[in-house]
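Labels below follow one simple rule: chain letters A, B, ... track the order of the sequence lines, proteins then strands, and each chain is numbered from 1.
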Amino acid sequence: MPFLALANIKKSFGQTQVVHDFNMAIEKGEFISFLGPSGCGKTTILRMIAGFEQPSGGTIHINGKDQTRLKPNQRNIGMVFQAYALFPNMTVFDNVAFGLKVAGQPKAEIETRVKEMLKLIHLEHLADRYPYQMSGGQQQRVALARALAPKPQVLLLDEPLSALDAKIRVSLREEIRQIQRQLGITTVFVTHDQEEALSISDRIVVMNAGRADQIGTPSDIYNRPTTRFVASFVGTLNIIEATIVDPAAGTVMIGDQTIALRESIADKTGGETISLALRPEAGSLSESAKGDTALTGKVVSANFLGSVVRTRIAVGKNTVSFDMFNSPDLVMPAPDEVVTLRFSAGDLLVIRD
Amino acid sequence: MKMSKFFAWLAIAVGVTYFFVPLLGTFEFSLRMRRGEYSLDAYGSVFSDVQFQQTFGFSMLMALFTIAFGMLLVVPTAYWVRLRLPQMRPFVEFVTLMPLVIPAIVIVFGYLRLYNSSSYIPFTGSTFGTNILLVMSYITLSLPYMYRSVDTAMRTIDVRTLTEAAEILGAKWPTILFKCIFPNVMSGVLSGAFITFAIVIGEFTMAALLNRPAFGPYLQLVGANKAYEPSALAIIAFAITWLSMGLIQLVSRFGKLTQSRP
Ligand SMILES: Nc1ncnc2c1ncn2[C@@H]1O[C@H](COP(=O)(O)OP(=O)(O)OP(=O)(O)O)[C@@H](O)[C@H]1O
Ligand SMILES: [Mg+2]
């Protein structure tokens with residue numbers, strides 16, 4: 001039995017169903033991210049785990065106990081909100097102590113626990129500050145300490161970093177992950193930032209329109225997307241339309257060029273159109289590049305992005321982007337130049353929706 | 001540019017003259033009780049009047065009860081409307097604005113019909129009952145101001161998320177209301193309280209028709225029978241109102257200072 005189990009969760013607001021048969025089994029101590037575009041139902045599922053919304057169908061179990069009908073204050077869950085939601089009238093200390101006071105713990109124990117929590121987030125010296133006297137990053141760390149102080153069974157975070165600026169976002173997400181590992185707390189983290197999800201999760205749930213499209217490790221999700229949506233949402237994957245020439249030999253035609261796939265397409269028929277995915281870092285222009293496959297096309301644009309140069313070339317009706325690492329002797333491809341992109345056939349994935 | 005500035009100053013000057021000249025005149029007159037020189041005799045006479053002390057004390061007490069019970073009614077209502085019934089807000093706002101539209105005299109005649117000593121709920125049958133009725137009528141009168149100021153204060157905090165944050169930490173609703181919401185709308189509660197205080201202290205119609213010894217009817221009585229004291233009383237009443245206003249300013253500035261940054 002998984003630690004946190006969501007079974008056939010459905011949710012409708014009035015006539016519109018926003019979550020469809022959502023299933024998820026989360027092990028104790030796992031760090032799970034819900035990744036998906038705006039409005040796909042991430043927050044709604046999180047709020048159902050917390051008890052703020054009642055599922056229209058399905059069950060939620062934590063540690064073997066049915067939580068589906070429990071009120072939020074009976075669930076022992078920690079939650080961090082996007083807008084911090086610290087109590088403005090309380091000091092940092094009192095904010096962190098709130099859950100412990102509500103639980104009626106003795107004063108001495110509260111004091112010890114709060115100090116321990118403040119140490120964990122490196123804010124011992126700000127215990128007497130009020131929320132309005134602190135930066136957003138500091139406030140969010142206090143919110144994390146407040147959520148963790150009562151030793152919750154599960155920690156929920158709803159886009160906790162999206163109100164912060166880029167630098168703090170990166171350092172704080174690492175801090176959250178490190179604290180999560182240290183405490184071994186089962187965590188669900190909601191984000192629409194794929195880099196965030198890829199960098200800190202044990203497993204990612206890619207959501208699309210109220211459904212889980214794919215559940216897997218960051219490397220699974222990135223390297224082996226199973227649906228077109230996952231392929232296009234995670235990373236900047238190229239989707240290339242190809243026409244099957246010979247299913248048995250695995251050859252397809254892109255524009256007027258024929259190439260052979262490594263993946264079997266024997267189940268398809270000749271003349272059928274299929275979608276192939278190619279990661280932008282898989283290709284290279286260099287003559288010496290390894291790779292058994294080549295596509296020739298005209299350069300549409302070449303953009304200098306700092307550590308990489310992103311080039312887009314037109315192959316038939318497709319535009320294919322690929323990245324080259326920047327180096328001082330790199331020659332930027334010129335627009336309209338005809339170039340040959342080399343890559344391994346194994347990097348071309350067949351998308352089966 | 002220059003011209004518009006000139007007219008702006010002119011408008012202010014006219015306004016100031018309009019408001020302050022009568023006030024200055026009243027003040028000057030209130031100092032002339034002693035023949036031939038300025039003195040505070042009229043104020044002395046007012047403050048030493050037993051009736052002044054009694055009626056003022058009575059109105060103060062009524063004001064305190066009005067504020068206490070009014071806020072117990074208004075804060076949870078405003079909270080609940082914001083949290084659970086946002087679609088009811090226009091309706092609730094309309095209801096709280098009614099007392100501004102319906103004249104006090106209509107309300108009090110309604111009361112006398114409904115609660116007279118031969119009715120099912122004979123509030124006016126006893127002094128205590130009448131006092132309760134008076135407090136309730138004051139709550140009605142100050143409802144627009146109390147509700148507005150509390151609701152405005154609630155707008156500055158995210159009531160919903162704070163409630164959820166408290167809830168998920170295990171809090172039940174009395175804790176949420178009194179520890180997490182109430183302290184954060186204190187500035188609104190206080191400004192509502194001061195306006196209410198100013199209204200109740202000067203209110204005439206309700207107290208007179210319910211025949212209670214309040215400050216408003218006393219003002220009227222003195223005004224009809226004495227020469228210099230009414231002016232002194234008017235100045236005192238103004239001072240009380242201004243003090244309330246000043247306190248509102250102070251409270252709201254303090255409130256702004258402690259708000260959390262977004
Ligand atoms: N209380 C509600 N009443 C009606 N519809 C709602 C309610 N809450 C959410 N929805 C709808 O449910 C859908 C999913 O919303 P949800 O907030 O879960 O999205 P999300 O994935 O968290 O998006 P975002 O990344 O923008 O936060 C949206 O279409 C939204 O309009
Ligand atoms: Mg959301």
Go through B:E167 and A:K71 one step at a time and tell me if the salt bridge (Lys or Arg N to Asp or Glu O under 4.0 Å) criterion holds. CA-CA 9 Å; B:E167 224 178 342; A:K71 294 218 176 81; over 6 Å; no
Near [X] [atom1], under 6.0 Å, is it more than 12 heavy atoms from other residues, nucleotides or ligands?
X: B:M60; atom1: CE; value: no
X: B:F69; atom1: CZ; value: no
X: A:F13; atom1: CZ; value: yes
X: B:F65; atom1: CZ; value: no

Do you know the tightest heavy-atom contact between A:A85 and B:A165? O-CB, 3.9 Å
Can you name the nearest heavy-atom pair linking B:L162 to A:P88, along with the distance? CD1-CD, 3.9 Å
Qualifying salt bridge (Lys or Arg N to Asp or Glu O under 4.0 Å) pairs with a residue from residues 111-127 of chain A, counting only residues at least two apart or across chains: A:E111-A:K115, A:R113-A:E116
Which side-chain hydrogen bond (donor to acceptor under 3.5 Å, both in side chains) pairs, counting each pair once, include a residue from residues 54-70 of chain B, with sequence neighbours left out? none
Which side-chain hydrogen bond (donor to acceptor under 3.5 Å, both in side chains) pairs, counting each pair once, include a residue from residues 129-141 of chain B, with sequence neighbours left out? B:Y111-B:T140, B:N131-B:R212
Can you tell me how far apart [atom1] ([X]) and [atom2] ([Y]) are? Round to the nearest 0.5 Å.
X: B:C180; Y: A:N95; atom1: SG; atom2: CG; answer: 9.0 Å
X: A:F87; Y: B:L169; atom1: CZ; atom2: CG; answer: 6.0 Å
X: A:L156; Y: B:I168; atom1: CG; atom2: CD1; answer: 6.5 Å

Derivation of the side chain to side chain contact (heavy atoms under 4.5 Å, CB included) call for A:R47 and B:E164: CA-CA 10 Å; A:R47 290 172 61 81; B:E164 288 179 350; 2.7 Å; yes
Is there side-chain contact between [X] and [Y], with at least one heavy-atom pair below 4.5 Å?
X: B:K179; Y: A:K101; answer: no
X: B:P183; Y: A:M90; answer: no
X: A:Y84; Y: B:T161; answer: no

Please output the residues of residues 24-44 of chain A in contact with chain B, using a heavy-atom cutoff of under 4.5 Å, in numerical order. none
In terms of heavy-atom proximity below 4.5 Å to chain A, should B:T175 be classed as side chain, backbone, both, or neither? side chain
Is a side-chain N or O of B:N184 found less than 3.5 angstrom from the main chain of A:N89, in a donor-acceptor match? yes
Between the main-chain N or O of B:A166 and the side-chain N or O of A:N73, is there a donor-acceptor pair closer than 3.5 Å? no
